[in-house]
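See structure below.
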There are 2 protein chains.
Amino acid sequence: MRDERLTTITETAAALGITARAIRFYETKGLIAPQRVGANRVYNHRDRGRLKLILRAKRLGFSLEDIREYLDLYDADPVQLEQQQLLLAKVEKRIAELEQQQTDLAITLDELREISRQTRVYLERNQSEESQ
Amino acid sequence: MRDERLTTITETAAALGITARAIRFYETKGLIAPQRVGANRVYNHRDRGRLKLILRAKRLGFSLEDIREYLDLYDADPVQLEQQQLLLAKVEKRIAELEQQQTDLAITLDELREISRQTRVYLERNQSEESQ
DNA sequence: AATAAAGTTGACGTATACGTCATGTGCAAC
DNA sequence: GTTGCACATGACGTATACGTCAACTTTATT
């Protein structure tokens, strides 16, 4: 197994295109808990994966609080039936939201592609006029 | 043509599942500009469509400022070549963003569906144990 | 006409997600 | 031993997106 490097907060942030401040902020919100070497935070492969997941979820418009819950789904150890059923309900609710979002996305993309197409048509028409 | 009804702000808000305050806020941000009857705002079919578009874009994680630009794309009258080229660039940038988002969405949905599946397996297993 | 219901414009408050100092500490190089 | 980073922890500031009064004017109903 490779990539068991430990990265500093600045390295980690740079690799992800965010700031160290942001990463520390996520920590205060309980989204990650890297190990420490002395007082310094060090991030392992799993931590970096978690951060990528956080950023992906953010791009989808989730709040950090949402994302915390979402991450808990991964960490959820199968404890009690009742908790598992709650988990299932949450997951399926989220799936429904994302499916709605998929629809929204498709519609919006269609609209934008149509605008793009029409704009290109317009530009081509004017270019040929200019060349006459 | 139907639906040329004019709706009040409260009606409009209720129909969309938002508050009148939110709609007024969108107006101060230049996202909509309904007509007035006296001092009162009235919303026509087009306005309601605009509001739906705003909400759809919000669900996709766009800021109101983004959405304002986005709406301007619809209103853009074909003026100057240069402006049209800028428009095209913006639109295609946005398309690229949304395509990235589509990928994010697909990944996240896969992950959640897998969690859902495993949770259901777990629940079924425990139910059959209980019935023995 | 009087009262209630609905709408209007400020103005201030609030949650989220960081940015930006200020101040301090540990370690490496000189 | 001190200079210089890289990192740490507060603490305060800021942008976004409204919520929540307050005070007032219209519009609708009795």
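Convention: sequence-line order gives letters A, B, ...; per-chain numbering from 1.
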- Message: Tell me whether A:Gln85 at atom CD has more than 12 heavy atoms from other residues, nucleotides or ligands lying less than 6.0 Å away.
- Response: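 Enclosed: over 12 neighbouring heavy atoms sit under 6.0 Å from CD of A:Gln85.
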- Would you say a side-chain N or O of A:Arg21 is under 4.0 Å from OP1 or OP2 of D:dT14?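 So the side-chain polar atoms of A:Arg21 never come under 4.0 Å of the phosphate oxygens OP1 or OP2 of D:dT14.
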- Please check the phosphate of C:dG19 (OP1 and OP2 only) for any side-chain N or O of A:Thr19 closer than 4.0 Å.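 Answer is yes, contact under 4.0 Å.
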Give every donor-acceptor pair under 3.5 Å between a side-chain atom in residues 90-98 of chain A and any protein atom, sequence neighbours left out.
unit_1  : atom_1 : unit_2   : atom_2 : d
A:Lys90 : NZ     : A:Glu69  : OE1    : 3.3
A:Glu92 : OE2    : B:Ser116 : OG     : 2.9
A:Arg94 : NH1    : A:Asp66  : O      : 3.4

Excluding sequence neighbours, so at least two apart, what forms side chain to side chain donor-acceptor pair (under 3.5 Å) with [X]?
{"X": "B:Thr7", "value": "B:Thr12, B:Arg48"}
{"X": "B:Asp72", "value": "B:Arg68"}
{"X": "A:Tyr70", "value": "B:Glu111"}

Nearest-Å distance for atom pair [atom1]/[atom2], residues [X] and [N]:
{"X": "B:Tyr43", "N": "C:dT8", "atom1": "OH", "atom2": "C1'", "answer": "11 Å"}
{"X": "A:Ile9", "N": "C:dC18", "atom1": "CD1", "atom2": "C1'", "answer": "13 Å"}
{"X": "A:Asn40", "N": "C:dT25", "atom1": "CG", "atom2": "P", "answer": "15 Å"}

- Check: A:Leu60 main-chain N/O paired with A:Gln101 side-chain donor or acceptor under 3.5 Å: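 At least one qualifying donor-acceptor pair exists.
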- Message: Judged by each residue's nearest nucleotide on DNA chain D, which is more toward the 5′ side, B:Val37 or A:Thr8?
- Response: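 Mapping each residue to its closest nucleotide by heavy atoms, the 5'-most match is A:Thr8.
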- Query: Between A:Glu114 and A:Arg117, does at least one N-O distance fall below 4.0 Å, as a salt bridge requires?
  - Reply: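 Salt bridge flag = yes for A:Arg117 with A:Glu114.
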- Message: Any residue in residues 52-72 of chain A with a heavy atom nearer than 4.0 angstrom to DNA chain C? Just list them by number, or reply none.
- Response: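 Under 4.0 Å from DNA chain C: A:Lys58, A:Ser63, A:Leu64.
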- Message: Any residue in residues 23-33 of chain A with a heavy atom nearer than 4.0 angstrom to DNA chain C? Just list them by number, or reply none.
- Response: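 Of all residues in residues 23-33 of chain A, the ones placing a heavy atom under 4.0 Å from DNA chain C are A:Phe25, A:Tyr26.
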- Item | B:Leu53 vs B:Arg56 side-chain heavy atoms within contact, under 4.5 Å |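 A side-chain contact under 4.5 Å exists here.
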